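Okay, so here's the structure we're looking at.
Bear in mind that the values here come from a model prediction, so they are computed numbers and not experimental data. In listed order, ligands and their atoms are each counted from 1.
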Amino acid sequence: MSQILQDARAFEALHGPTILPEQRPAFHLSPYIGWMNDPNGFSFYGGQYHMFYQYHPYDSHWGPMHWGHAVSRDLLHWEFLPCALAPDMPYDKDGCFSGSAITLPDGRQMLMYTGVRHETDSSGQTREVQTQNLAFGDGMNYEKYSGNPVLTEADLPAGGSRYDFRDPKILQASDGTYLALIANDQKGVGGQILVYRSRDALHWSLVGPLASNHNRLGLMWECPDFFRLDGYDVLLASAQDMLPKDFEYHNGNGSFYLLGHCGESDGSYTVESDHAADYGIDFYAPQTVLTPDGRRVMIGWMQNWDTCNLHTRWVPWFGQMSLPRELSVRNGVLCQRPIRELELMRKDEVRHTHVLIRDEERQLPGVSGRMADLELEIESVGPVFSRFAIRFAKNDLYQTTVSFRPHESVLKIDRKFSGSRRAIIHQRRAKVRHDQGRLKLRLILDRFSAEVFVGDGEQVLSATVSTDLSAQDISFFADGAVRLNVVSYRLEA
Ligand code: FRU
């Protein structure tokens, strides 16, 4: 094991345990110590789920990327394992960027990741050269392949950028061959997802592009995932520098999904529709896993690249993953619901039925807290109300709000009063479907985050909050008259 990896493991073993469990999210994965971004190598291996992540143990800000590692049996209770990869080879000395994992026929787990090496040109400009690399392991320790890198600029199509060639997602085709989907930027095309094929997972050759952006959805695409679900071939990816389209893609860098169909034999991919993967503030670079019982579950990095640098150096951890979300396609939309195992953590059920809230704000007995699962049904009484809001992580100083204006069909999450260092990038809006103000919402709180599932999960709005944990109140507000049903639970990890 390299000295660089040994140092990282020694550092996290010393400092990770100094973070008290109550200082982190209870059931969302956060880094052992330091910084976390993208989920990597999300897989089921050796009887448990593995989640690796972009990791800089030495600081709560992004730096030379390592791969952190955690395992779980239910995707909600996580155990940290030692750092899996460190930037310790000539081809990845400046970072082990995102990638994926697969189980080989001999039982080993194989990681495929992007190695980054800085190169300074004659004008003094430094750029990141990106190649694809392999590591083999047993679920705990990984050895980098002696034949690395396995894909370099020599494997790119003409005009493909060697500075933007990253985030391989490995899949196994039905004929047993391996496919790797890799994001690339090509002159005149913009972001694209390239497909490579291999028989032995070691030697790879270019098949061609699966999907090309032509600068429609942002510029460079990152972090692809691809799977078949409910009759569709779904491509998940994250785009840099997106421009808003109506109520879609307000996040600058945002993740999206394409619903389409692959041709039987010609490798073509025909796209029917595209939508944001999440309409909140914090969600990027999601990956999925297929559970042993056949569920397609997605987890994203619950952060965004525009505000992830506002925190001070001194916080011991930064970055967290979203809830695991079970996916399905219904009525042409990728629907998400919190993984059903979350329901096993529900305690102290409180039900309030047919509560009338009219031109007032009020709290309901037994409904409070920062680790909570709330199911809400809202409907008008008489004329359609102007606004309904649920406020949480609340005390005299703070509150975060989810508000609904039925006349505009807009649902908004707003965290300006959440104790962030700057009240910027503090709200997002989604256009929602409702029937005369009738709307169903599910809100999951886990100390430093809120995830709002709309209807039956047709849309989700995710946001982190840094609000002090003393802000525990939840209240309900209506401008006009609302009849409300609430079922609330305390969540216990
Ligand atoms: C996306 C990303 C990836 C890259 C990684 C680096 O968030 O930019 O494309 O592999 O982060 O940490």
Measuring from atom 9 (O) of ligand 1, which candidate in Asn253, Asp167, Asn40 has the nearest non-hydrogen atom?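 Looking at heavy atoms only, Asp167 sits closest to atom 9 (O) of ligand 1.
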
Going by heavy atoms in the side chains, are Asp274 and Arg216 under 4.5 Å from each other?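 Heavy-atom side-chain distance check passes, below 4.5 Å.
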
Can you label the angle between the Tyr55 ring and the His66 ring as parallel, tilted or perpendicular, going by 30° and 60°?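 Ring orientation, 0 to 90° scale: perpendicular.
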
How are the rings of Phe226 and Tyr269 set relative to one another: parallel (under 30°), tilted (30 to 60°) or perpendicular (over 60°)?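 The rings of Phe226 and Tyr269 stand perpendicular, inter-plane angle above 60°.
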
What part of Trp301 sits under 4.0 Å from ligand 1 if we count only heavy atoms: the side chain, the backbone, both or neither?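 No part of Trp301 comes within reach of ligand 1.
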
Between Phe97 and Arg166, is there a cation-pi geometry (under 6.0 Å to ring centre, at most 45° from the normal)?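 Ring-cation test returns no.
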
What is the closest protein heavy atom to [atom], and at what distance does it sit?
atom	answer
atom 6 (C) of ligand 1	Gln54 OE1, 3.2 Å
atom 8 (O) of ligand 1	Glu222 OE2, 3.0 Å
atom 2 (C) of ligand 1	Asp38 OD2, 3.3 Å

contact_flag Trp305 ligand 1 heavy-atom lt 4.0 Å: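 Yes.
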
Has Thr114 got any heavy atom lying under 4.0 angstrom from an atom of ligand 1?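 No heavy atom of Thr114 comes that close to ligand 1.
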
Going by the atom numbers of ligand 1, which of them fall below 4.0 Å from some non-hydrogen atom of Ser98?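 With Ser98 as reference, the close atoms of ligand 1 come out as 5 (C), 10 (O).
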
Within the 4.0 Å heavy-atom shell around Met65, which atoms of ligand 1 are there?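 Within the 4.0 Å cut-off of Met65, ligand 1 contributes 12 (O).
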
Under 6.0 Å between the ring centres of Tyr142 and Phe52?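 Tyr142 vs Phe52: aromatic centres under 6.0 Å.
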
Quick check: His61 with His56 (ring centres under 6.0 Å apart)?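 Between His56 and His61, the centre distance exceeds or equals 6.0 Å.
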
